[in-house]
Amino acid sequence: MASNGEETRGSAPEIFLKPYNPTEAEPDIYALWEKSGYFNPDNLPKEHQDPYTIIMPPPNANGSLHVGHALFVTLQDLLIRYKRMRGFKTLWLPGADHAGFETQIVFEKKLEKEGRSRFKMQREEFYKETLAFTLENKKFMEGQLRQLGASCDWSRNTFTLDPKIISTVYGTFKKMYDDGLIVRGSRPVHWSTKYQTSLSDLETKTVERQDPLYYLKYGPFVLATVRPETKFGDTAVAVNPRDERYKEWVGKEIEFEGLIGPVKLKVIADEYVDMEFGTGVVKITPAHDPNDFAVAQRHDLPIVEVIDQFGRLNEKCGKYAGMKILEARAATARDLEEKGMLVKVDENYTHNVLVNYKSEHDILEPRVLPQWFVKIKPLADLARKAVEDGRITFVSEQYRKIYFNWLDQLRDWNISRQIVWGIPIPAWFCEYSGGLDRLHAKCSEPIVSTEPVEKCPHCGGIVSRDPDTFDTWFSSGQWPFATLGYPDSPDFKAFYPTSVMETGYDILFFWVMRMIMLGLYRTGEVPFKDVYLHGLVRDAQRQKMSKSKGNVINPLQMTETYGTDALRMALLVGNTPGMDMALSEQKIKAYKLFSNKLWNVARFVLESVNESDLDAKMSDADTALLDEAKALAEDVTKDMENYRLYIAAEKLYHFVWDRFASEILEESKNIFKDGDPIREPSTSNGAGAAAKLSRARLLYEILSLSLKLIHPFMPFVTEAIWQKLPKKDTDILMVARWPVHENK
RNA sequence: GCGCGGUUAGCUCAGUUGGUAGAGCGCUCGAUUUACAUUCGAAGGGUCGGGGGUUCGAAUCCCUCACCGCGCACCA
């Protein structure tokens, strides 16, 4: 200890004797916040008037949180904490998604491992088990969200299967049906023979495959096809109307001996046929090809189904009945060759096939089935307009264009799923719709109702409920207004439209676009004003993370090793909106050093400062330094307002480390060391003592300012330090006032 | 085929309204045992993908080409 009075300086709290240990500190800090009640906007001090709302994209409750979840938690928590400190009435509404089809796949895999199958289970039994599985995951996940520091309002936590959500979804479905926006119709859908359900256009992926292209003799023609096994479902042969080679045949019928008997097919002309491809002749199989279906509609052709729901040829296929698709393909090809009807085979033909987006091995079979479809055009028009006129803004401009481009190409949306795990569709069918329609024409109409239907309203006959469930995205597309209790809840009035939708660009079409369409349709208002889309988190070499590559970064493990703050900073710095980012453990480690730096800065400052110093008069030089810090605050505020979050994070990092710690603090050591007694300014060279007091105050002011600015980025360590400050404007840093006040 | 990005230091990326090229990590050299399970200082490293244009001035705006990536749609 120095002998000149220095021993009286400072009183660093005991905790500062140890290095900062995030793992130890974080749970207590989170408990402190949660206990304060300030996650709930209703508990915030009265001056928090203007609403600021983020609806959390509900994570799928079918697994653990991955680094993508950590990213959205970090970004949204950052925005919420910032706005909360700026005095907004902030609501961040958390939730969990039952995630229909995706969860069912996960759960079915689990059953498979146990040697069980959903097809051997009762519907209710399967539902009950899936629900238990989901709720368990949900609980686990909520703990993980807390671990990441999410300052969301748990009192408003919502599950996608909550009664209030289902009721809203039913209301929307009914309204859409009454408005003619929902139709029941037999149209081509993508059928998964593996999972026994149809999927929407979006839930598909194309993969390139190499398959033989068979050139078959069809009477006078030769035509090319990849699928000879579907020939039993042919209802025409088509050529291009401008094709001189086949002109004479158009409108006529061809007859020839097929594999299972005589075949008679009409020859039609349609622009769909590409003269350059193959021989310029196409067989039309409306039941098993969406393009052929469209042709059939134009030419009024019959639709003959020859493949069943399990991917087997049906009774119309003679001796091939019961064979699986590939089996039948080989068999028909062989038999055609034997009969001299196979002209040649192009073995190296590559084309794209549609597969299940969750499982590449699940090739989707086009089938024509009665399903519920959403007429997309009127909704797409609403959605387009809202972005065109600026009611909705994309933070990264490029997505605006992608969004428009996509809206232009939209097709009607199949929302029926033949799975158990989901919200049942509130529709009933009259059992007599088939037989007695002469008496009751209206009986053939579906009955859509938000309440259970006991009997047919037209004939009083027996009704059966549609066994299908909704596409999850149909209900999650209503999430913003459904969670806020549209239309009567005070929450809806207080917090809708929400401020920003922050989510991954990979679900722009699945989710964001549907929320815009359905939100506008149901409430007449946009569901959110800004759309902030983040990219994928990749590994240090920009590879996609995957279990098989072994390059997955587990966010929860990272928070345990380096602290949540370190993970958060690593996810923020250098992360441009809309772009993929690279993340490495090393980067996280680097920000662990930063939280340590901040801790030690605080330690030094608190050891150098007495509470009584904090009213000291500051010298001009020190005032200038404080002004510099204030200028930084202004700068960072601008960045925050413009969603330049990555820049704000970096600026704070540099200020604290390079300017505050490396320069101002180092320089202060000299000031404090000049031998002038600090506590007795009158006895000695008063100027030196005054300089010390001024400097002490300065350090404290900059520390306090820095903590406020950094808090939204690194909430835990800043709060931990704040709790040790001798003098502060609020007990809890989370609700301290942001140091820049001017009106935006 | 239609659409959208990207190309800047060894690696990963910033670069706001056009004004002398930046960060992190890594590498090299030196200092220090401290508020810092270290830290501090210094150095090196880039014809900003190629070409053309606008401008007093272009990584930035325009045109064009090349390569990489993504989305959508596809010919049986």
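Quick caveat, the model's predicted, so the values are computed rather than measured. Labels below follow one simple rule: chain letters A, B, ... track the order of the sequence lines, proteins then strands, and each chain is numbered from 1. Worth knowing before you read on, the calculation uses all heavy atoms, side chains too, and leaves out hydrogens, waters and symmetry mates.
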**Asked** What does nucleotides 21-32 of chain B look like as a protein-contact string, B for base, S for sugar-phosphate only, - for none, at under 4.0 angstrom between heavy atoms?
**Response** --SSSS------
Give each protein N/O atom lying under 3.5 Å from an N/O atom of nucleotides 68-73 of chain B, with the pair distance.
unit_1, atom_1, unit_2, atom_2, d
B:C72, O2', A:Gln409, OE1, 2.5

**Asked** Do you know which of A:Tyr399, A:Tyr646, A:Tyr643 makes ring-ring contact (aromatic ring centres under 6.0 Å, His included) with A:Tyr532?
**Response**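 Considering A:Tyr399, A:Tyr646, A:Tyr643, a ring-ring contact (aromatic ring centres under 6.0 Å, His included) with A:Tyr532 is found only for A:Tyr643.
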**Request:** Determine the sole option in A:Tyr20, A:Phe716, A:Phe594, A:Phe604 for which the ring-ring contact (aromatic ring centres under 6.0 Å, His included) test with A:Trp599 is passed.
**Result:**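 Exactly one option meets the ring-ring contact (aromatic ring centres under 6.0 Å, His included) with A:Trp599, and it is A:Tyr20.
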**Asked** Touch check for A:Val226, heavy atoms < 4.0 angstrom, all strands: base, sugar-phosphate only, or nothing?
**Response** sugar-phosphate
**Asked** A:Ala661 near the nucleic acid: base, sugar-phosphate alone, or nothing, with a heavy-atom cut-off under 4.0 Å?
**Response**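 Base: the residue A:Ala661, judged by heavy atoms under 4.0 Å, touches a nucleobase.
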Look for any protein N or O under 3.5 Å of an N or O in nucleotides 61-64 of chain B and output each such pair with its distance, or none.
none

**Request:** Taking the side chain as every heavy atom from C-beta outward, state whether A:Ile254 and A:Pro220 have any atom pair closer than 4.5 Å.
**Result:** yes
**Prompt:** Tell me, do A:His288 and A:Glu305 make a side-chain contact under 4.5 Å, heavy atoms counted?
**Reply:** yes
**Message:** Without decimals, in angstroms, what is the distance between A:Phe404 CZ and B:G5 P?
**Reply:** 13 Å
**Asked** When the distance from CD of A:Glu666 to C1' of B:U39 is rounded to whole Å, what number comes out?
**Response** 9 Å
**Request:** For A:Glu337, look at atom CD and say whether over 12 heavy atoms of other residues, nucleotides or ligands are found less than 6.0 Å away.
**Result:** no
**Asked** Can you list every pair that meets side chain to side chain donor-acceptor pair (under 3.5 Å) and has a residue in residues 505-517 of chain A, with sequence neighbours left out?
**Response**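 Side chain to side chain donor-acceptor pair (under 3.5 Å) check on residues 505-517 of chain A returns A:Tyr505-A:Asp580.
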**Message:** Considering only residues two or more places apart or on different chains, which pairs with a residue in residues 229-243 of chain A satisfy side chain to side chain donor-acceptor pair (under 3.5 Å)?
**Reply:** A:Tyr218-A:Asp234, A:Arg227-A:Glu229, A:Glu229-A:Arg329, A:Thr230-A:Lys283, A:Asp234-A:Lys283, A:Asp234-A:Thr285, A:Arg242-A:Glu271, A:Asp243-A:Arg245
**Prompt:** For RNA chain B, what dot-bracket results from Watson-Crick or G-U pairs at under 3.5 Å, with [ ] for crossers and | for inter-strand partners?
**Reply:** (((((((..((((.....[..))))..((((.......))))......(((((..]....))))))))))))....
Polar-atom pairs under 3.5 Å, protein N or O versus N or O of nucleotides 8-11 of chain B: list them with distances, or write none.
none

**A:Tyr653 ring center within less than 6.0 Å of A:Tyr591 ring center** =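 Yes, ring centres under 6.0 Å apart.
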**Request:** Considering only atom C1', compute the distance from B:G44 to B:U32 and round it to an integer number of Å.
**Result:** 23 Å
**Request:** Give me the residues of residues 570-579 of chain A where at least one heavy atom lies under 4.0 Å from an atom of RNA chain B, by number, or none.
**Result:** A:Gly574, A:Thr576, A:Met579
**Request:** Using side chain to side chain contact (heavy atoms under 4.5 Å, CB included) as the criterion, list what pairs up with A:Val263, not counting sequence neighbours.
**Result:**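 Expected list: A:Phe256, A:Leu265.
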**Request:** Kindly say whether A:Arg603 contributes a backbone atom to a donor-acceptor pair with the side chain of A:Asn600 at under 3.5 angstrom?
**Result:** no
**Item:** Set of ring-ring contact (aromatic ring centres under 6.0 Å, His included) partners for A:Tyr562, sequence neighbours left out
**Value:** none
**Asked** Listed by chain and number, what are the ring-ring contact (aromatic ring centres under 6.0 Å, His included) partners of A:Phe293, not counting sequence neighbours?
**Response**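 None.
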**Asked** When you measure from the side chain of A:Asn596, which nucleotide among B:A37, B:C40, B:U12 comes out closest?
**Response**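 Looking only at side-chain atoms, A:Asn596 lies closest to B:A37.
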Between protein and nucleic acid, restricted to nucleotides 16-20 of chain B and to nitrogen or oxygen atoms under 3.5 Å apart, what atom pairs and distances do you find?
unit_1, atom_1, unit_2, atom_2, d
B:U16, O2, A:Arg644, NE, 3.1
B:U16, O2, A:Arg644, NH1, 3.1
B:U16, O2, A:Arg644, NH2, 2.7

**Message:** With a cut-off of less than 4.0 Å, is there a side-chain N or O of A:Lys597 near OP1 or OP2 of B:A37?
**Reply:**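 So the side-chain polar atoms of A:Lys597 never come under 4.0 Å of the phosphate oxygens OP1 or OP2 of B:A37.
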